[in-house]
Every structure is written in C-alpha cells, then in structure tokens.
Amino acid sequence: MTESQKSFDYDVAVIGGGSGGYAAARTAASAGLKTVVIEGGEEVGGLCILRGCMPTKALLYAAEVMHLASHAEPWGIRAENVSFNFKQVMARKDLVVKGFADYRHEQLKNGKFKFIRATARFADPHTLELFPVPEGTGQGEGEERRQRSIEVQTLTAKYFVIATGSTIAPSPIACIDPSYCLNSDTALKLTRLPKSIVILGGGATACEFSQFFQRFGVKVTLIQRSPHILHEFDSDATGELEKVFRREGMTVYTGTKIIDSRKVGSHKGVIFEHDGKKLHVTAEEVFYALGRIPNTDSLNLDKIGVTTDCRRIVTNYFMQSNLPHIYAVGDCTGQHEIVHIAVQQGEVAGHNVAHPERMKEMNYRLLTEVIFTEPQIAAVGLTEKKAERRNIPYLAASYPFNDHGKSLIMEAKDGFVKLLANPTSGEIIGGCCVGPSGGDLIHEIIAAMYKRMTVAELAAMPHYHPTLAEIWTYPAEELAEKIARE
Ligand SMILES: Cc1cc2nc3c(=O)[nH]c(=O)nc-3n(C[C@H](O)[C@H](O)[C@H](O)COP(=O)(O)OP(=O)(O)OC[C@H]3O[C@@H](n4cnc5c(N)ncnc54)[C@H](O)[C@@H]3O)c2cc1C
C-alpha cells in the first residue's frame with residue numbers, strides 16, 4: 001500500500017499550540033484538512049503570550065511610564081517623589097497576559113480542529129505517542145484534560161507540523177550555572193525587585209530586561225562578550241542604546257570574557273576580563289540571558305530520521321524537513337526567534353500540506369527585528385553590516401532625531417533613522433530606526449520595501465507635519481538626489 005492509500009487518524013498533526021502551531025492548524029483546518037493540535041505545556045498560550053513578547057512589553061511600558069513620570073521637568077511638570085508598587089506592576093502584566101492566554105485557549109478549542117493536552121513524541125514517521133501533561137498545572141480544566149490525554153495514547157497522521165518552540169540554552173560557559181541565575185521565565189515571576197543585578201548577555205532579552213530593572217531603581221551591570229550589545233545591528237544603532245543605558249546609570253561592559261561566577265556571602269559574583277583587566281562585580285542577582293535553543297530533544301527525531309543541526313530542525317523554504325511529510329515552523333527551526341515569522345512559517349506549512357500542488361515558500365527579504373527599549377531599535381531588510389558581509393553594493397543616509405520637529409516636541413532626541421538604497425535603481429533595500437516608537441516607524445519602510453519603492457518615491461510621498469514619520473523623507477531625499485546626480 002502506498003502512503004496516499006493508507007488511512008490515518010488525521011490529515012495533519014501539529015505538535016505545539018504556540019504562535020507557529022496555531023497558525024499552521026488554523027490554515028490547514030480552514031483548507032478542509034482533518035487537523036489535530038497537541039499542546040504539552042504547563043499552560044496554554046505559547047511563549048509569546050506567556051513568557052515572551054507580551055509580558056516583557058507590558059513591563060517595559062510600565063518602565064517607560066515610570067521614567068516619563070520621573071523626568072517630566074522639561075514640560076514644566078513637577079512630579080515629586082514618583083514611586084511605584086511592584087506587586088501592582090506585576091499584577092497588571094499578569095492581567096494582560098491572562099487576557100491573551102484565555103483568548104488563545106478559546107481559539108485552540110474552537111472546534112475547527114481537535115485540541116489535545118499532551119506531550120507528543122514520534123514512535124515512527126507517521127505515529128505520535130502522547131503523554132499526559134503533569135497534573136496540577138494549566139488553566140482550570142485539569143480533570144477534563146487529564147482524561148482526554150490519558151485516553152489518547154497514540155495517533156497517526158499523514159502530515160506533521162512540528163512547532164515545539166525553544167527553551168533557555170544551557171550555559172556555553174562552564175563556570176556559569178544557569179539554575180543559580182534568574183532568566184526571562186523566572187524574572188517574570190519575581191515578587192520583589194533585587195537591589196542589584198548583573199545581566200549576562202547583550203541580546204534583545206538582556207537589553208530589554210536591563211532597562212526594565214534600571215528604570216525601576218535596580219543597580220544594573222550588563223556584561224556582553226561582543227564589542228557591542230545587540231551585535232547583529234549596525235554599531236551606530238547599538239552605540240546610541242549603550243549611550244542611553246549609561247546615561248541612565250547602568251554599567252555596561254562590552255568586549256568581555258567571563259572567567260568565573262560564585263556566591264559571595266548573600267550575593268552572587270561574576271569575574272570577567274575587560275580591557276586586559278580582571279574585574280569582579282557582585283550583585284543580589286545574576287540574570288542569565290545567553291540565548292535559547294530549539295526545543296526538539298524529546299521528539300525522537302533521530303529515531304525517525306529527521307535531520308537536525310544543533311537541535312534545530314533543518315527545513316527548506318517550504319518549511320519541510322528532509323522527510324517531506326514532516327514540516328517544522330517557528331523557534332524549533334532555530335533561525336529567527338520572531339513571532340510573526342513563526343506565524344508566517346505556520347501559514348506556509350499549513351498551506352503546503354493542504355495544497356502540495358501549489359506550494360508557497362518563505363521569503364526573508366523583509367526580515368524585521370525590533371528591540372523594545374527606549375530608544376527602540378528597529379531594522380528591516382539589509383543593515384550595513386549584512387550588506388558588507390554579503391558584498392551587496394548600497395548607499396546609506398541617516399537623519400538624527402535631535403534635529404526633527406516632533407521628536408524635539410517630545411524631548412526624544414536620541415537616535416536616528418537610516419535608509420539603505422540600491423546605488424543604481426534607488427530601490428530601498430534596508431531601513432533602521434533608533435528612536436521614539438522605532439518599532440512602529442519601521443513599518444513605513446516595511447511597506448515601502450514590500451512594494452519595492454525607491455527612495456525618490458518615498459521622498460515624494462506626502463507626510464503629515466509634525467509627525468515622527470516625516471523624518472524618513474530626509475534620508476530618502478538625500479539618497480534620491482545623490483542617485484539622480486550619479
Ligand atoms: C523574553 C522574550 C521576549 C520576546 N519578545 C519578542 C517580541 O517582542 N517580538 C517577537 O517577535 N518575538 C519575541 N520573542 C520571541 C517569540 O516569543 C518566539 O519567537 C515565538 O513565540 C515562538 O513561537 P513558536 O510557535 O515557535 O513557539 P512557542 O510559542 O514556544 O510554542 C511552542 C509550544 O509547543 C509546546 N510543546 C513543546 N514541546 C511539545 C511536545 N513535545 N508536545 C506537545 N507540545 C509541545 C510548548 O508547550 C509551546 O506551547 C520573545 C521571546 C522571549 C523569550
């Protein structure tokens with residue numbers, strides 16, 4: 001019997017009910033496929049809602065309000081003795097998260113596909129074994145869930161979409177034991193703030209949590225191995241954020257090498273090399289922000305022959321693994337830990353299992369990344385670093401927020417916008433915004449690049465005055481004139 005003649009319990013089984021898995025299931029089910037989602041987390045919602053985007057941005061927004069309230073003098077406003085109630089700060093974050101998690105739970109149980117609470121692993125290339133989710137966890141439907149997950153021991157499917165996300169990476173540094181540190185999961189459960197904290201790492205999570213802690217009065221020391229924080233961005237962008245971090249009182253060490261970490265009385269100490277010297281910092285807490293790894297260990301992928309590379313499931317642009325009936329999407333593919341990419345990949349996989357005759361592929365031309373600090377850092381398409389690495393010719397022009405109407409009104413003078421254009425055609429090939437609402441402002445350039453606009457077209461597009469968005473017209477005009485002259 002061929003694969004297509006065999007009968008399976010489901011057309012598609014999606015492992016993981018986070019952003020990528022839900023997108024895949026929704027797409028496959030609405031194309032008429034008999035679909036099942038298996039979710040094995042303690043809670044339903046996925047990383048973005050429960051421990052990623054939403055809680056961290058809720059906390060960062062609180063930190064921004066705190067900062068603004070404490071620095072209102074430029075507008076003639078005196079707000080003395082600004083204080084906060086940390087329990088309320090966290091409670092509001094929890095309320096926001098609960099709203100989103102409840103909604104996701106409803107979406108998963110809406111009847112368009114079957115939803116099973118269990119942890120899955122492959123028994124063979126078309127069969128999953130299901131294990132009950134540990135008791136006493138979850139969102140109040142424990143008994144019902146337990147019954148269902150015990151009843152269903154195995155299931156078969158013609159296609160699979162693996163969307164099992166990521167988990168906090170083990171330490172690459174022998175002397176650092178992550179279990180003795182705070183991380184992005186445990187920090188979200190703090191009931192009181194430490195007085196001081198050492199942040200290990202300089203990526204998005206490290207930077208966002210650093211500013212949150214700093215703005216709520218914690219003494220923060222950030223230790224980063226690379227010469228700059230957020231090393232994938234251009235150094236002019238990250239330099240602006242480092243400047244602001246230091247101005248707000250944070251101690252930032254870049255270009256370091258961690259040598260040791262140990263308890264010092266009631267505190268925790270970190271010893272590292274910096275500028276040829278051995279330095280020692282102690283703090284009440286150490287925050288481990290040295291990355292995440294794909295969550296694929298327990299799936300039995302080796303046994304069924306799915307190719308992985310350092311735990312990440314290797315896929316093609318159709319999101320297929322080397323076994324064409326097994327797709328993988330989101331963080332478990334390990335390349336971009338960005339939620340809208342997980343969703344896009346889920347939609348592509350869901351479409352492709354339903355329509356193998358007209359497959360869609362992922363395209364990362366408009367890859368965007370946003371860091372939600374203040375100033376925010378956002379970039380789409382090529383950065384100068386990427387263009388240079390790939391030998392792609394470009395022209396670049398920037399314009400600072402300290403010379404722009406709306407940002408001067410807002411006293412938001414840090415940062416700049418930058419455009420990269422093809423030197424011949426003028427097509428916009430990259431944009432970067434370091435500044436107020438950078439994560440929103442970058443969407444103008446995403447739209448322009450989506451439509452393959454040139455800098456001349458962007459410069460000619462009407463922009464309302466005074467807005468933050470009109471700042472894009474300055475580098476666009478500069479580049480358009482330069483290209484017209486050459
Ligand atoms: C602190 C932090 C802040 C972030 N902020 C942002 C941001 O601002 N913007 C942004 O774009 N991205 C952000 N991210 C990244 C973003 O959250 C992730 O890229 C995204 O949520 C990944 O979605 P996913 O569907 O791949 O995985 P997940 O949402 O993690 O879903 C995986 C699901 O699979 C389940 N699962 C795992 N193994 C099994 C199994 N064997 N059987 C059954 N179920 C299983 C898990 O319980 C989980 O629910 C942040 C991440 C972190 C950690």
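Note that ligands are numbered from 1 as they come in the structure, with each ligand's atoms numbered from 1 the same way. Note: hydrogens, waters and symmetry copies are ignored here, and every other heavy atom, side chains too, is used. Because the structure is predicted, anything quoted here is derived from the model rather than measured.
- In this structure, E208 falls outside the shell of residues with a heavy atom less than 4.0 angstrom from ligand 1.
- The closest approach between E42 and ligand 1 stays at or above 4.0 Å for every heavy atom of the residue.
- With values rounded to the nearest 0.5 angstrom, L301 atom CG is found 9.5 Å from T307 atom OG1.
- For atom 28 (P) of ligand 1, the nearest protein heavy atom (residue, atom name, distance) is L47 N, 3.7 Å.
- On a distance-only criterion, T56 and ligand 1 share no N/O pair closer than 3.5 Å.
- For the pair V314 and S321, the minimum side-chain heavy-atom distance is 4.5 Å or more.
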Would you check, one step at a time, whether the test salt bridge (charged side-chain N to carboxylate O under 4.0 Å, His left out) holds for E347 with R26? CA-CA 8 Å; E347 288 167 352; R26 177 173 41 79; 3.3 Å; yes
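- At a 4.0 Å heavy-atom cut-off, ligand 1 touches S184 through the side chain alone.
- Between T205 and ligand 1, no N or O atom pair is found at a separation short of 3.5 Å.
- Near C48, meaning under 4.0 Å from one of its heavy atoms, ligand 1 places the atoms 17 (O), 21 (O).
- Residue-level proximity to ligand 1 for I338 is carried by backbone and side chain together, each with a heavy atom below 4.0 angstrom.
- Contacts with ligand 1 closer than 4.0 Å are made by side-chain heavy atoms of I15 only, the backbone lying farther away.
- For R121, the closest heavy-atom approach to ligand 1 does not fall below 4.0 Å.
- At the top of the distance list for atom 53 (C) of ligand 1, counting protein heavy atoms only, stands R292 NH1, 3.6 Å.
- Contacts between L299 and ligand 1 below 4.0 angstrom, taking non-hydrogen atoms only, involve the side chain exclusively.
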Could you walk me through whether K418 and D234 pass the salt bridge (charged side-chain N to carboxylate O under 4.0 Å, His left out) check? CA-CA 11 Å; K418 176 161 69 174; D234 288 340; 2.9 Å; yes
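- Distances between N or O atoms of K57 and those of ligand 1 include at least one value under 3.5 Å.
- Heavy-atom separations between A23 and ligand 1 are all 4.0 Å or longer.
- In this comparison of G52, G346, A206, the heavy atom closest to atom 51 (C) of ligand 1 sits on G52.
- Inclusion of V329 in the set of residues having an N or O under 3.5 Å from an N or O of ligand 1 is not warranted.
- The shortest distance between side-chain heavy atoms of L366 and Y450 falls below 4.5 Å.
- Contact check for T254 versus L222: no side-chain heavy atoms found under the 4.5 Å cut-off.
- Annotation: atom 13 (C) of ligand 1 to nearest protein heavy atom, C53 SG, 3.3 Å.
- Of all the listed residues (G40, A328, S166), G40 holds the heavy atom that lies closest to atom 43 (C) of ligand 1.
- Within the listing of ligand 1, atoms 8 (O) sit less than 4.0 angstrom from a heavy atom of F372.
- Any N or O atom pair closer than 3.5 Å counts here, and G20 shares at least one such pair with ligand 1.
- Exactly one of E248, E64, E208 qualifies for a salt bridge (charged side-chain N to carboxylate O under 4.0 Å, His left out) with R215. That residue is E248.
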Test side chain to side chain donor-acceptor pair (under 3.5 Å) on S184 and Y288 and set out the steps. CA-CA 8 Å; S184 62; Y288 178 86; over 6 Å; no
